[in-house]
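In what follows, a structure is listed as structure tokens, so that the remarks can point back to it.
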Amino acid sequence: MLIDFFYTLRAAKLPVSVKEYLTLLEALQAQVVGPGSDACSMDDFYFLSRLILVKDEKHYDKFDRAFGAYFKGVELLTDFTQDVPLDWLEKILQKELSPEQKAAIEKMGWDELMETLKKRLEEQNERHEGGNKWIGTGGTSPFGNGGYNPQGIRIGGKGGNKSAVKVWDQRSYRDYDDTQELGTRNIKVALRRLRRFAREGSAEELDLEGTIHKTAANAGFLDILMRPERHNNVKVLLLMDVGGTMDDHIARVEELFSAAKAEFKHLEFYYFHNCVYDFMWRNNKRRYAEKFETWDIIRKYNKDYKLIFIGDATMSPYEIVQPGGSVEYNNEEAGAEWLQRLLHAFPKYAWINPEPQGVWQYRQSIDMIQQIVSNRMYPLTLKGLEEAMRMLSK
């Protein structure tokens with residue numbers, strides 16, 4: 001199991017060597033943490049592995065993300081009598097069901113789902129695993145994690161089937177990195193189709209044509225004219241989906257974000273999760289403390305701003321049309337209502353979707369968002385960006 005952990009760190013582009021990995025195994029065998037220590041927990045293993053495997057603190061963030069992604073849902077065993085340190089850890093596998101078994105599991109309606117959860121919370125008094133009724137892991141109940149249900153409420157753990165309509169868990173997102181270096185200039189070239197230049201500011205450059213004309217009019221006496229430089233005056237309001245299924249697209253979205261910040265002088269950005277509701281945020285670590293009311297955003301920026309959404313539009317349909325449908329809190333108004341308000345406030349808009357266009361037809365939520373944005377949804381490809389920028393520049 002730790003071999004897979006090692007490869008996970010390497011896949012996250014952490015400079016971890018085989019020698020460091022073997023040192024970690026030696027530390028475990030020597031019981032640096034574990035039976036011979038005062039306490040044994042996943043925290044102990046985390047700090048030990050970070051101490052041995054990470055040599056530069058600049059890599060701490062990458063290590064945290066890789067560690068969390070791999071060991072989410074892994075529980076520490078209490079029996080440390082085994083000789084092999086690998087027996088410390090147990091991976092709880094997701095329940096595998098055949099297509100026929102999955103089809104036999106019926107969905108609950110929204111109201112029934114919420115009412116049933118309330119009853120389960122009142123009745124349940126112990127841990128459950130592998131069943132079809134109680135809140136637990138690895139089963140077919142609509143409540144819990146690690147199992148399968150066509151729609152349910154994920155309580156803790158890591159999502160696997162992407163069918164949860166609510167998530168009861170503390171979720172941590174990270175900001176997109178706007179300093180990400182692009183491996184190609186193609187994205188920047190595509191965004192330049194939206195640029196509109198105008199002369200603004202103080203006179204800073206030579207007006208050659210005007211100087212020639214003025215000098216000729218003055219019988220050859222040189223009369224130098226200056227003029228303001230041309231600047232891109234396009235204004236862009238960028239709203240970016242973050243967390244959940246968007247984690248699969250971080251690298252590409254960061255490239256687009258970097259290019260947008262380089263190309264547009266007037267760029268404002270905010271984050272949302274899955275669908276826009278009554279507030280957004282600009283810093284994911286402080287998203288609960290520093291909220292920006294969507295109404296305030298609509299009032300702050302005028303219709304000159306081009307509105308660009310970046311999101312995979314992959315979510316439960318309830319999140320779009322149902323009050324209280326957000327997976328994170330009980331929103332008073334449906335996401336579709338807020339989307340319509342934004343589109344009305346900013347008539348020039350487009351939705352950029354990083355999901356492959358071939359899967360759009362199989363996602364009900366993508367179809368719903370496409371209808372709301374009047375089919376102004378474009379794939380995150382060079383051609384898609386060019387089409388989006390061409391439409392926004394009209």
Side-chain angles (χ1 to χ4, degrees), residues 175-176 178-179 185-205 207 227-242 253-272 275-283 290-311 313 333 335-354 369-380 382-394:
D175 296 344
Y176 289 126
D178 58 8
T179 64
R185 291 176 56 85
N186 287 344
I187 295 179
K188 289 185 177 182
V189 172
L191 294 180
R192 285 175 187 170
R193 293 182 179 275
L194 184 57
R195 297 193 300 179
R196 182 175 67 249
F197 288 97
R199 300 199 179 277
E200 55 185 30
S202 58
E204 297 176 350
E205 66 178 11
D207 183 356
R227 63 184 178 185
E229 282 189 305
R230 297 170 72 240
H231 296 281
N232 181 16
N233 66 347
V234 168
K235 301 175 182 178
V236 174
L237 178 58
L238 190 63
L239 306 183
M240 295 178 287
D241 184 5
V242 64
V253 174
E254 285 184 338
E255 288 185 349
L256 178 57
F257 190 21
S258 297
K261 293 203 75 171
E263 292 300 319
F264 303 127
K265 178 181 178 182
H266 305 286
L267 174 69
E268 302 290 341
F269 69 91
Y270 296 88
Y271 294 111
F272 65 94
C275 193
V276 175
Y277 299 109
D278 52 310
F279 70 90
M280 289 177 270
W281 58 92
R282 299 194 67 164
N283 186 308
E290 298 180 2
K291 299 178 181 179
F292 294 85
E293 300 293 330
T294 304
W295 271 125
D296 291 341
I297 294 173
I298 291 174
R299 297 186 186 103
K300 182 176 181 179
Y301 305 107
N302 57 37
K303 292 178 182 269
D304 292 341
Y305 276 82
K306 316 286 188 181
L307 176 61
I308 300 177
F309 296 91
I310 301 177
E333 296 181 277
E337 295 291 332
W338 288 106
L339 287 174
Q340 293 286 8
R341 288 167 183 153
L342 284 163
L343 302 185
H344 178 74
F346 306 102
K348 296 288 187 178
Y349 60 84
W351 188 295
I352 308 298
N353 193 330
I369 294 293
Q370 276 189 295
Q371 293 182 42
I372 292 173
V373 300
S374 302
N375 290 315
R376 297 189 197 177
M377 183 178 287
Y378 303 89
L380 183 48
L382 181 59
K383 181 180 178 182
L385 288 175
E386 289 179 343
E387 291 177 352
M389 297 307 108
R390 189 178 295 113
M391 185 277 298
L392 289 172
S393 64
K394 292 181 180 178

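These figures come from a predicted structure and were not determined experimentally. For the single chain, residues carry numbers from 1 onward in sequence order.
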| message | Testing the basics here: between K303 and A345, what is the closest heavy-atom pair and its distance to 0.1 Å? | response | CG-O, 3.3 Å
| task | Answer yes or no: is there a donor N or O on one side and an acceptor on the other, between the side chain of K348 and the main chain of K394, under 3.5 Å? | result | yes
| Face-on cation placement of R376 at Y349 ring, 6.0 Å and 45° thresholds | yes
| query | Looking at OH of Y301 and NE2 of H266, how far apart are the two atoms once the value is rounded to the nearest 0.5 Å? | reply | 13.0 Å
| message | Assess the residue pair Q371 and M377 against the criterion (side chain to side chain contact (heavy atoms under 4.5 Å, CB included)); give the C-alpha distance rounded to whole Å, side-chain angles, the decisive distance to 0.1 Å, and a yes or no. | response | CA-CA 9 Å; Q371 293 182 42; M377 183 178 287; over 6 Å; no
| message | Rounded to the nearest 0.5 Å, what separates atom CG in L238 from atom CZ in F264? | response | 9.0 Å
| Criterion side chain to side chain contact (heavy atoms under 4.5 Å, CB included) on L392 and V236, from CA distance to verdict | CA-CA 10 Å; L392 289 172; V236 174; over 6 Å; no
| query | Distance from L339 atom CG to W351 atom CH2, nearest 0.5 Å? | reply | 6.0 Å
| query | Do V234 and K306 touch side chain to side chain, with heavy atoms closer than 4.5 Å? | reply | yes
| From CD (E337) to OG1 (T294), nearest 0.5 Å | 13.0 Å
| Do you know which two heavy atoms are closest between Y305 and L237, and how far apart they sit? | CD2-N, 3.9 Å
| query | If we only count heavy atoms from C-beta on, is the L342 to V276 side-chain gap below 4.5 Å? | reply | yes
| task | Apply side chain to side chain contact (heavy atoms under 4.5 Å, CB included) to F309 and I369, showing your working. | result | CA-CA 11 Å; F309 296 91; I369 294 293; over 6 Å; no
| request: Enter the distance from D296:CG to F279:CZ here, rounded to the nearest 0.5 Å. | output: 13.0 Å
| said: Taking the side chain as everything from C-beta on, heavy atoms only, tell me whether L385 gets closer than 4.5 Å to Y378. | reply: no
| said: Taking the basic N atoms (NZ, or NE/NH1/NH2) and the acidic carboxylate oxygens, is any pair closer than 4.0 Å for E333 and R341? | reply: yes
| Atom pair CZ (F269) and CE (M240), whose distance is rounded to the nearest 0.5 Å | 6.0 Å
| query | Among L239, L256, V242, N353, which one satisfies side-chain contact (heavy atoms from CB on, under 4.5 Å) with I310? | reply | L256
| note | Nearest heavy-atom contact between G311 and D241 is CA-CB, 3.7 Å
| request: Begin with the C-alpha distance, continue with both residues' side-chain angles, and end with the deciding distance and a verdict on salt bridge (Lys or Arg N to Asp or Glu O under 4.0 Å) for K300 and E293. | output: CA-CA 11 Å; K300 182 176 181 179; E293 300 293 330; over 6 Å; no
| Side-chain heavy-atom pair E290, W281 within 4.5 angstrom cut-off | no
| query | Can we call the ring centroids of F272 and Y277 under 6.0 Å apart? | reply | no
